[in-house]
Amino acid sequence: MYRTNTCGELRIENVGQTVTLAGWVQGVHNLGALTFVDLRDRYGITQLAFNEDATEELREKAGRLGREYVVQATGIVAERYSKNKKIATGDIEILVSELNILNASEVPPFTIEDESDGGDDIRMKYRYLDLRRNPVRRNLELRHKFAFEVRRYLDQQGFLEIETPILVNSTPEGARDFVVPSRMNPGQFYALPQSPQTLKQLSMVAGMDRYFQICKCFRDEDLRADRQPEFTQIDCEMSFVEQEDILQMFEGMSRHLFKTILNIDIPTLPRMTWADAMKYYGSDKPDTRFGMEFVELKTTAIDNASKEIVPSLFPAGFAVFDDAAYIGGICCEGQAVLTRKQIDQLTEFVKRPQVGAKGLVYARVQEDGSVKSSVDKFYNQETLQALKEKMNAKSGDLILILSGDDAMKVRKQLCELRLEMGTRMGLRDKFNFSCLWVIDFPMYEWSDEEQRLMAMHHPFTSPKPEDIPLLDTDPASVRANAYDMVINGVEVGGGSIRIHDAKLQQKIFEILGFTPEQAQLKFGFLMNAFKFGAPPHGGLAYGLDRFVSLFAGLDSIRDCIAFPKNNSGRDVMLDAPGYIDQKQLDELQISVVEQEKQ
RNA sequence: GGUGCGUUAGUUCAGUUGGUUAGAAUGCCAGCCUGUCACGCUGGAGGUCACGGGUCCGAGUCCCGUACGCACCGCCA
């Protein structure tokens with residue numbers, strides 16, 4: 001037996017017991033005749049003491065210990081002379097009578113402490129050392145608990161966890177696939193699933209009724225702080241349901257997770273249409289921890305967000321506004337105190353290429369109610385007062401205005417500005433959670449690159465029944481039975497009611513530009529299945545990594561993934577991906593055009 | 001595919017206008033220390049300034065390129 005207890009469990013009540021502990025040496029304090037060793041495992045730290053009672057041999061051995069040595073120590077639990085209130089076991093120590101060095105360790109390349117001195121790069125290279133640190137380990141523990149509570153809730157609701165294959169077919173639409181060559185089928189490739197979408201729909205056809213799976217999904221696209229090439233999805237599907245049933249079920253799951261993991265009671269989730277999200281927040285994933293909604297000051301066209309034309313608040317005179325197709329503003333409460341320099345910084349912010357605005361117009365509401373703006377020479381006080389009125393601004397507020405030719409582009413710029421102001425004003429507290437549903441997404445969005453309509457969610461999403469006639473006349477305005485769950489500006493999940501009618505599915509494929517032959521080739525298996533009694537069904541998938549990151553207050557999903565990939569999709573610990581032997585290539589009948597540095 | 005920032009001791013970083021032998025902290029090694037717990041004290045070792053090229057009397061510092069890292073845009077049904 002290697003140990004009788006863990007390093008986190010002994011307390012003052014255990015004094016007098018003889019115990020054996022095993023773990024890693026966190027640190028050694030050698031005071032000459034006295035030596036203290038902090039022994040660490042997943043559960044905590046317990047101090048080993050080598051004092052005047054210890055034999056010379058024992059003290060000599062303790063003196064040889066270095067950081068991260070793996071040791072086993074037996075001794076009597078004793079009360080400490082001076083307690084350490086910072087750790088749970090701080091009242092006791094082990095008076096060691098026997099010490100075994102189970103394994104020596106080289107000096108680790110960075111310190112394994114809560115506040116490590118290591119940068120991201122080196123910590124990823126030695127991720128197994130990084131995982132010994134409390135903050136990282138705690139993230140994995142939270143992730144475990146999260147997944148466990150997901151399973152508990154869905155099990156209670158009658159869901160079956162069903163595994164679907166990892167080796168599937170490449171699909172058109174969507175992200176790039178990771179492909180896997182098949183040795184037994186030369187020249188042919190499997191693809192790793194971007195999501196088990198079609199398979200879960202087939203499990204509905206199979207009568208499984210309620211399916212879920214916590215599974216890996218793969219997308220060969222560029223990475224971000226919130227995007228990994230392989231990520232974990234909580235994939236769910238239900239039969240004989242309408243949108244309302246799904247929203248209720250998964251709002252319930254989120255409520256369960258918030259309660260059991262964070263002990264937070266979340267209110268009923270507000271529902272916002274996609275059109276309103278775009279109109280008031282310029283984003284399909286609005287951060288609703290704070291208001292500062294957009295006010296439209298001029299629109300010249302009806303689009304998917306604006307259902308009416310707003311005549312310009314501003315009389316002619318300022319060319320930028322006169323020529324704009326859209327003018328929108330936000331009112332920043334109490335921000336009139338910003339200096340000219342600070343506002344110039346905001347102007348620089350919106351002019352950065354990532355945001356792309358041409359400039360920024362601002363107006364301060366003064367103590368006396370008058371308005372002082374950067375466009376005073378174009379507009380009189382009467383117009384500025386009308387602006388104040390329209391923006392619902394009061395003394396001390398700062399109005400920020402963006403304009404441009406393309407309403408959707410300006411909305412996105414204004415969204416960035418709003419989020420920046422929210423951050424500067426301290427309105428985006430990580431642990432203040434604001435959840436909502438965004439509903440009524442459009443079916444399609446125009447792709448400049450492909451020069452055709454693309455499915456906004458995926459091609460299996462059903463249109464709203466009342467919009468079906470528009471499929472023939474104005475497909476771009478058709479709304480889908482699709483919904484996203486958004487928390488603090490993060491899309492944590494999304495789904496839709498699916499098409500279960502082969503004819504309608506065929507029509508949707510046509511609108512997406514598939515010939516019947518192509519549709520049959522790529523999705524024949526699904527449409528064939530629909531011929532054999534497909535129930536109405538729908539579902540949703542959560543991004544587990546993102547959801548856990550939110551709960552843990554992390555900036556990057558990497559921090560809650562045990563062995564993540566870096567920015568270039570590499571695993572720097574494994575040094576993957578790597579080259580393979582010519583022999584393997586030959587067996588697969590694959591030739592690689594250029595293979596450098598092998 | 002693109003933009004920005006970065007790369008200096010094991011690690012995290014500083015390094016002024018281009019100017020003598022590149023510094024700090026921490027870690028590491030050695031010695032001392034009977035209650036430490038961020039132990040303390042003394043001493044020591046430790047550098048291809050990412051790589052390649054250029055400008056210059058002289059480059060860690062300026063310029064160009066490459067590689068790598070991070071963030072972002074495109075992309076991510």
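Reminder, nothing fancy here: chain letters follow the sequence lines and each chain counts from 1.
- Ion pairing between a basic and an acidic side chain is recognised when a charged N comes within 4.0 Å of a carboxylate O; A:D220 and A:R176 show no such pairing.
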- request: Given side chain to side chain contact (heavy atoms under 4.5 Å, CB included), test A:C7 with A:I45 step by step and report yes or no.
  value: CA-CA 5 Å; A:C7 297; A:I45 287 177; 5.8 Å; no
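- B:rU12 and B:rA38 have their C1' atoms separated by 16 Å, given to the nearest Å.
- Atom C1' of nucleotide B:rC32 and atom NE2 of A:H29 are separated by 18 Å, given to the nearest angstrom.
- Judged by distance alone with a 3.5 Å cut-off, no donor-acceptor contact links the side chain of A:Q354 to the base of B:rU3.
- Residue contacts shown for A:R176 are limited to sugar-phosphate atoms, with no base heavy atom under 4.0 Å away.
- Ion pairing of A:R424 with A:E420 is present here, as a side-chain N (NZ or NE/NH1/NH2) and a carboxylate O approach within less than 4.0 Å.
- A distance of about 23 Å separates the C1' atoms of B:rG15 and B:rC70, rounded to the whole Å.
- Between A:F36 and A:A175, the one whose closest nucleotide on RNA chain B sits nearer the 5' end is A:F36.
- A perpendicular orientation is assigned to the rings of A:F509 and A:F460, their planes being inclined by more than 60° (bins at 30° and 60°).
- Contact annotation for A:E113: no contact, since no heavy-atom pair falls under 4.0 Å across all strands.
- Pairing for B:rU26 goes to B:rG10, judged as Watson-Crick or G-U wobble with the two contacts each under 3.5 Å.
- Nucleotides B:rG53 and B:rA9, compared at atom C1', are 27 Å apart to the nearest Å.
- Annotation for A:K285: atom NZ does not count as buried by contact number, only 12 or fewer foreign heavy atoms lying within 6.0 Å.
- Taking the charged nitrogens against the carboxylate oxygens, A:D303 and A:R411 do have a contact shorter than 4.0 Å, which makes a salt bridge.
- Comparing the P positions of B:rG58 and B:rU20 gives a spacing of 15 Å, expressed to the nearest Å.
- Checking B:rC5 for Watson-Crick or G-U wobble geometry (two distances, each under 3.5 Å) identifies B:rG69 as its partner.
- With RNA chain B read from its 5' end, the first of the two nearest nucleotides for A:G118 and A:R219 is the one closest to A:G118.
- The interatomic distance linking A:N566 (CG) with B:rA67 (C1') rounds to 13 Å, in whole Å.
- Using a 4.0 Å heavy-atom criterion, one finds that A:L512 contacts no nucleic acid atom at all.
- Atom P of B:rU36 sits at a distance of 25 Å from the matching atom of B:rA25, rounded to the whole Å.
- Between A:R224 atom CZ and B:rU3 atom P there is a gap of 15 Å when expressed in whole angstrom units.
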Using the 3.5 Å cut-off, write out each protein N or O paired with an N or O of nucleotides 6-8 of chain B and the distance between them.
none

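- The base of B:rC76 lies close enough to the side chain of A:R227 for a donor and an acceptor atom to sit less than 3.5 Å apart.
- Going from the P atom of B:rU34 to that of B:rA71 covers 50 Å, rounded to whole Å.
- Looking at heavy-atom distances under 4.0 Å, A:S568 makes contact with sugar-phosphate atoms alone, never a base.
- Atom P of nucleotide B:rG1 and atom CG of A:D222 are separated by 9 Å, given to the nearest angstrom.
- Across all strands shown, A:R123 has no heavy atoms under 4.0 Å from either base or sugar-phosphate atoms.
- When the C1' atom of B:rC73 is taken as reference, atom NZ of A:K409 falls 13 Å away, rounded to whole Å.
- In this entry the distance linking CG of A:L34 with P of B:rC37 reads 13 Å, nearest Å.
- Using a 4.0 Å heavy-atom distance criterion, A:Y81 is classed as a base contact.
- In this structure, B:rG35 forms no base pair with any nucleotide, since neither Watson-Crick nor G-U wobble geometry is met with both distances under 3.5 Å.
- OP1 or OP2 of B:rU36 has not a single side-chain nitrogen or oxygen of A:R80 nearer than 4.0 Å.
- When A:I112, A:V25, A:V107 are each tested for a side-chain contact (heavy atoms from CB on, under 4.5 Å) with A:E68, only one passes: A:I112.
- In terms of phosphate contacts, A:N567 brings a side-chain nitrogen or oxygen within less than 4.0 Å of OP1 or OP2 of B:rA71.
- Here A:F110 does not pack flat against the base of B:rU11, since the 5.5 angstrom centre distance and 30 degree tilt limits are not both met.
- Among the atoms of the strands shown, base atoms are found under 4.0 Å from some heavy atom of A:E52.
- Phosphate proximity of B:rG35 to A:K83: absent, as no side-chain N or O sits under 4.0 Å from OP1 or OP2.
- In this structure a side-chain-to-backbone donor-acceptor pair under 3.5 Å is missing from A:R64 to A:I101.
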- request: Assess whether side chain to side chain contact (heavy atoms under 4.5 Å, CB included) is satisfied between A:L21 and A:Q72, documenting all intermediate values.
  value: CA-CA 6 Å; A:L21 303 183; A:Q72 178 191 42; over 6 Å; no
Would you list the protein and nucleotides 26-29 of chain B atom pairs, both N or O, that sit under 3.5 Å from each other?
{"unit_1": "B:rG27", "atom_1": "O3'", "unit_2": "A:R67", "atom_2": "NH1", "d": "2.9"}
{"unit_1": "B:rG27", "atom_1": "O2'", "unit_2": "A:R67", "atom_2": "NH1", "d": "3.2"}

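- Salt bridge annotation for A:D467-A:R479: present, with a cationic side-chain nitrogen under 4.0 angstrom from a carboxylate oxygen.
- Between A:R498 and A:E237 there is a salt bridge, with a side-chain nitrogen of the basic residue lying less than 4.0 Å from a carboxylate oxygen of the acidic one.
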- request: Please assess A:F50 against A:F36 for the test ring pair (Phe, Tyr, Trp, His ring centres under 6.0 Å), listing each intermediate value before the final yes or no.
  value: CA-CA 6 Å; A:F50 300 84; A:F36 300 100; 8.9 Å; no
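- OP1 or OP2 of B:rA71 lies within a sub-4.0 Å distance of a side-chain N or O belonging to A:R558.
- Across the protein-nucleic acid pair, A:E416 atom CD and B:rA71 atom P stand 16 Å apart, rounded to whole Å.
- Nucleotide B:rG46 forms a pair with no other nucleotide shown, judged by Watson-Crick or G-U wobble geometry with both contacts under 3.5 Å.
- In this structure, A:I557 places its CD1 atom 15 Å from C1' of B:rA71, rounding to the nearest Å.
- Across B:rU8 and B:rA14, the matching C1' atoms stand 10 Å from one another, rounded to whole Å.
- A gap of 8 Å separates the C1' atoms of B:rG40 and B:rC33, to the nearest Å.
- Using N1 to N3 plus N6-O4 or O6-N4 for Watson-Crick, or N1-O2 and O6-N3 for G-U wobble, each under 3.5 Å, B:rC62 pairs with B:rG54.
- Contact annotation for A:D220: no contact, since no heavy-atom pair falls under 4.0 Å across all strands.
- In this structure, A:A225 reaches the sugar-phosphate backbone alone: every heavy-atom distance under 4.0 Å involves primed, P, OP1 or OP2 atoms, never a base.
- At a threshold of 4.0 angstrom between heavy atoms, the contacts of A:P109 are confined to the sugar-phosphate backbone, with no base atom among them.
- Note: A:F523 and A:F514 have perpendicular aromatic rings, judged against thresholds of 30 and 60 degrees for the angle between ring planes.
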